[in-house]
Amino acid sequence: MRNPYTPGELPRVLAGREDQQHRIRGVLSRVSAYGETGGPPVVFLGPRGVGKTSLLREAQRDADEHGFLTVWVSCHHGAPFLPDLVSRVDHALREADVVAKGDRRSLRLDEIAVEIGVPTGVKVSARAAPDEGDGAETGARVSALEDLLHGTATRVRERGGSGLLVLVDELHAPSRTDLAVLLNAMQNLAGGREDSPFALVCAGLPSSVAVLTRAATFAERSTFVTLPPLAPEAAAQAVGEPAEELGVGWTGPALTEVVERAQGFPYLLQVLAHATWQSASPVAGDRLGVADVRAGLPLVEAQLDAMFAARWGAATPLEQHLLTVMAHAGSASVTRAEIAAGMGRSTQSLGMPRERLIDKGIVEPAGHGRLRFTMPGFAEYLRATTATGDASRPST
Ligand SMILES: Nc1ncnc2c1ncn2[C@@H]1O[C@H](COP(=O)(O)OP(=O)(O)OP(=O)(O)O)[C@@H](O)[C@H]1O
Ligand SMILES: [Mg+2]
């Protein structure tokens, strides 16, 4: 029987995100009821693997069902995303048959594409738009995007749809000028054209807040929503339901074991459940027990080790030193002073590696200048590998 768990992919059951889904619904119903913009962007924040993309995809599915034209872009480090946005709007319009050929021309899509920096006409292109445009050029791009969003949203509406929803994932990553153009276009739409049935919902690492507010002051009015770990009941549902659909059960103690080990962390839940299933190969009518969970643990460890090794490999030597000191502190969170002392450096010199590690989603602020690991198990992994003096890792 196929394994119903999805480490690294969209979950079959999105558990425990009712509040966040409700919030998105609120924005969408404002757009569809009044035909106006959904207000400032809603931005979901959280560390890697907490379920940001999963929530956004579910929101997209829901919006599609409720008559929205939806467009998804995922940002990449320092790269422009507006060319991608334009070509996806174009693609979505064609797919949905929202605009006829002549109508499409009245949207000036080709001209808009050129203004926004898509090289030739509207097509997916990797070519970068200039990142540092002068003020006038940026102004032209803002109004081109404004026209695109407004035109698209109103066309959808005229055809009996609800409006346009743009979803932006990995919001911490994109080129600052592109972000500024999007935010300014949105501000103009929100301020001037009440008849723009358009909403923007985003997700990214916690550093998205700083990235957004640096790009445009309007961004301060965004609604920032932090995705918490899953509550134990939701975690049990995320594990139990996909199996139940295939006629396979989990014993109470087995569910408890998985839920406790995952500490509410969705990615870890999926890895644990997937490994349990794989080692037990159940058939309909079976029940997965604690012994099955334990039998799967070597698989879990192998998978997590690979992930941790990748994270370690992506860190600079200075960042690795900082991580090692944090891991050996052995507490849930570590102060700046403890890190500085452990590294034999001044607290001021920690600013850069600290920020970079937060940007990469490996560690996160825990209040009062404290830092903690975002992913359960990483500290243990570092302690184990640095203690064995693994040659590939410095024993700092
Ligand atoms: N609410 C949920 N219920 C069950 N499983 C979930 C839930 N949210 C996420 N998952 C699972 O957790 C894993 C990580 O989810 P996702 O990719 O959405 O996280 P993310 O926050 O976007 O991570 P990244 O920052 O790395 O992009 C996936 O395997 C997904 O199936
Ligand atoms: Mg994601």
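This one's a predicted model, so the numbers in the text were calculated from it and none came from an experiment. When a ligand or atom number is given, it counts from 1 through the structure's own listing order.
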- Message: Test of understanding: given a 4.0 Å heavy-atom threshold, classify the contact between Glu170 and ligand 1 as side chain, backbone, both, or neither.
- Response: side chain

- Query: Counting only N and O atoms by type, is there a donor-acceptor contact under 3.5 Å from the side chain of Lys52 to the main-chain atoms of Phe44?
  - Reply: no

- Message: One residue to check: Arg17. Relative to ligand 1, which of side chain, backbone, both or neither has a non-hydrogen atom less than 4.0 Å away?
- Response: side chain

- Query: Can you tell me if Arg157 uses its side chain to pair, donor with acceptor, with the backbone of Ser32 under 3.5 Å?
  - Reply: yes

- Query: What residue and heavy atom of the protein are closest to atom 2 (C) of ligand 1, and at what distance?
  - Reply: Ala15 N, 3.6 Å

- Short version for Leu269: what comes under 4.0 Å of ligand 1, heavy atoms counted, is neither

- Query: How does Pro47 reach ligand 1, if at all, at less than 4.0 Å between non-hydrogen atoms: by side chain, backbone, both, or neither?
  - Reply: backbone

- Message: Determine whether Arg23 and Asp19 satisfy the following criterion, salt bridge (Lys or Arg N to Asp or Glu O under 4.0 Å), listing intermediate values before the conclusion.
- Response: CA-CA 6 Å; Arg23 215 179 254 268; Asp19 289 354; over 6 Å; no

- Message: Is the ring pair Trp250/Tyr5 parallel, tilted or perpendicular, if the boundaries are 30 and 60 degrees?
- Response: perpendicular

- Message: Tell me whether the Mg ion (ligand 2) has Thr53 as a neighbour, meaning an N, O or S atom of it below 2.8 Å.
- Response: yes

- Query: Counting only heavy atoms, which portion of Pro11 has something under 4.0 Å from ligand 1: side chain, backbone, both, or neither?
  - Reply: both

- Message: Donor-acceptor pair, distance only, cut-off 3.5 Å: does the side chain of Ser162 make one with the backbone of His66?
- Response: yes

- Under-4.0 Å heavy-atom contact with ligand 1, by part of Gln270 that carries it: side chain

- Note on the structure: atom 19 (O) of ligand 1: closest protein heavy atom, distance to 0.1 Å, is Gly51 N, 3.1 Å

- Query: Do any nitrogen or oxygen atoms of Ser54 come within less than 3.5 Å of a nitrogen or oxygen of ligand 1?
  - Reply: yes

- Test item: Thr152 side-chain N/O and Leu149 main-chain N/O as donor-acceptor pair under 3.5 Å: no

- What atoms in ligand 1 come closer than 4.0 Å to a heavy atom of Thr53? 18 (O), 20 (P), 22 (O), 27 (O)

- Between Thr374 and Glu364, does any side-chain donor sit less than 3.5 Å from a side-chain acceptor? no

